[in-house]
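To start, the structure itself, in structure tokens.
The sequence lines fix the lettering, A, B, ..., with proteins before strands; numbering per chain opens at 1.
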There are 2 protein chains.
Amino acid sequence: MTEQATRTYSPRERMVFSAAQLIRRDGVGATGMRDVAAHAEAPRGSLQHYFPGGKDQLVGEAVAWAGRYAARRVSRYLAALPADERRPSRLFAALVAQWTDECLATDFTLGCPVAAVTVDCADASDTTRTATAQAFACWREPLAAGLAELGVPRPRSAALATLMVSSLEGALLIARAERDIHALTTVSDELGPLLDAAVT
Amino acid sequence: MTEQATRTYSPRERMVFSAAQLIRRDGVGATGMRDVAAHAEAPRGSLQHYFPGGKDQLVGEAVAWAGRYAARRVSRYLAALPADERRPSRLFAALVAQWTDECLATDFTLGCPVAAVTVDCADASDTTRTATAQAFACWREPLAAGLAELGVPRPRSAALATLMVSSLEGALLIARAERDIHALTTVSDELGPLLDAAVT
DNA sequence: TTGCGACTATGACAGTTGTCATAATAATGG
DNA sequence: CCATTATTATGACAACTGTCATAGTCGCAA
């Protein structure tokens, strides 16, 4: 979420990226298309060219991008786990730490774009709602696979993956409201033993 | 959240109530003040009279109302627990069931107003952000007290309360995106044993 | 060159938004 | 009854919003 997207990325990609960035900070309603173009340093006229579906399409692609990004990050953290820390609790702690660091670095200005779109569009636009559902699935799937790889039996690993995503998402919400990391660390600490106890 | 607010409630109360209702369905940005007045069947001119602070004040009061409501509900569920089910897992299950029923009854059109305001206003308006923080605290406090009453030692009960709120809030988000109860029930089932194991 | 496609520029559109100024009405206490 | 306040009514304001129509520019192939 933090890599520079000024060059080597096409204007189209930058607009999707910027949309996700602005949405997770201000919400969908407060994010105008003109703002997106400006933030992406992309020409305004390209909006209707690349996104003929209008704002719905742009928001949908932003959410899809965020989902793929989150999935990639899970795989990366799983692969980067030290040999003596290959436990579910460590994977979860790494995920939480990522959000914690981002919260502190950005002074709690950024949330989760998928959560924002869910809250703002779940009842209005069905296409974007579907996009959020797929984004959550996209996030949960590699998590469940990772837990299985760490020794959690298969049907259970999926359930624990949804528990991880749920508590992480909720804790992020609370952290942003309180401008305090406490909820995130609490969730990580409390859930750790439960996760490790699920390995056979 | 479902009681009829047509009579015996002042126009002012109805507007706050309607604001919370509309916000948790459409988000803050998509909820206009004219919509709130119309939904509350209140005169439009009363808006600037009762809420001279503008939309910020109205949103803030709606969130505060939602926080108090949630707190009241926790106490009620705690008191209503059958004598042979006075365990933390049952309290949590009751809370989750409440949201589950509401999701099914309203076809997943309604979310949590506090979450919506957090996502939409955390970075924009600091007064409403503070309101969301207080609402979360308002919700967590009686939960921690309830856990303590059920036998969870004091410092731990607060941590488990934030874990409960976090996972519930996140699961509600996922449920709304997927239009499926599954995340809510999963969270309830998986967290139950952990909660009961904390009683001394 | 010519032509054709991809991309961009620009301005206008109708519909909102929140907010305010102003005035009329209802209620209440003297 | 009057006077004072609480509430409501109404219209207008400027500032947006997303979307569209139209024309423009660029690069590239024939």
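- When the nucleotides C:dG18, C:dT17, D:dG18 are ranked by their closest atom to the side chain of B:Met33, C:dG18 comes out on top.
- The CG atom of A:Leu47 sits 11 Å away from the P atom of C:dA9 (whole-angstrom rounding).
- Residue A:Asp56 is out of contact with every strand shown, counting any heavy-atom pair closer than 4.0 Å.
- Hydrophobic clustering keeps B:Leu173 apart from B:Val117 (ILVMFWY residues linked when any side-chain heavy atoms are closer than 4.5 Å, directly or through intermediates).
- As rounded to whole Å, 14 Å separates atom P of D:dT19 from atom CG of A:Asp35.
- For the atom pair OG1 of B:Thr128 and CD of B:Glu61, the computed distance is 12.5 Å after rounding to the nearest 0.5 Å.
- In the hydrophobic clustering of this structure, B:Leu22 does not group with B:Leu110; members are Ile, Leu, Val, Met, Phe, Trp, Tyr whose side-chain heavy atoms approach within less than 4.5 Å, directly or through other members.
- The distance from the CD1 atom of B:Ile23 to the SG atom of B:Cys121 is 7.5 Å, given to the nearest 0.5 Å.
- At a non-hydrogen distance threshold of 4.0 Å, nothing from residues 114-128 of chain B comes into contact with DNA chain D.
- By the 30° and 60° cut-offs, the orientation of the rings of A:Trp139 relative to A:Trp99 is tilted.
- Atom pair A:Arg34:CZ and C:dT10:P shows a separation of 14 Å (rounding to whole Å applied).
- Between C:dC7 and A:Ser46, no contact under 4.0 Å exists linking OP1 or OP2 to a side-chain N or O.
- Checked against D:dT17, D:dT10, C:dT17, the side chain of B:Arg44 finds its nearest nucleotide in D:dT10.
- Counting any heavy atom pair closer than 4.0 Å across all strands shown, A:Ser10 reaches no nucleic acid atom.
- Taking atom CE of A:Met15 as the reference point, atom C1' of C:dC7 lies 10 Å away to the nearest angstrom.
- Ion pair B:Asp107/B:Arg179 flagged as a salt bridge, since at least one NZ, NE, NH1 or NH2 atom sits closer than 4.0 Å to an Asp/Glu carboxylate oxygen.
- Scanning residues 48-55 of chain B for heavy-atom distances under 4.0 Å to DNA chain C yields B:Gln48, B:Gly54, B:Lys55.
- The CD atom of B:Gln57 lies 12.5 Å from the OH atom of B:Tyr50; values are rounded to the nearest 0.5 Å.
- One finds the CZ atom of A:Arg140 at 11.5 Å from the OG atom of A:Ser157 (value rounded to the nearest 0.5 Å).
- We find the CG-CG distance between B:Leu195 and B:Leu91 to be 9.0 Å, quoted to the nearest 0.5 Å.
- In the hydrophobic clustering of this structure, A:Met164 groups with B:Met164; members are Ile, Leu, Val, Met, Phe, Trp, Tyr whose side-chain heavy atoms approach within less than 4.5 Å, directly or through other members.
- At a cut-off of 3.5 angstrom, counting only N and O atoms as typed in the model, there is no donor on one side facing an acceptor on the other between the side-chain of B:Arg12 and the base of D:dT7.
- With a 3.5 Å limit on both pairing distances and Watson-Crick or G-U wobble geometry required, the stems of 3 or more pairs in DNA chain D span C:1-4 with D:27-30, C:6-13 with D:18-25, C:15-29 with D:2-16.
- The distance from atom CG of A:Leu147 to atom CG of A:Leu160, rounded to the nearest 0.5 Å, is 6.0 Å.
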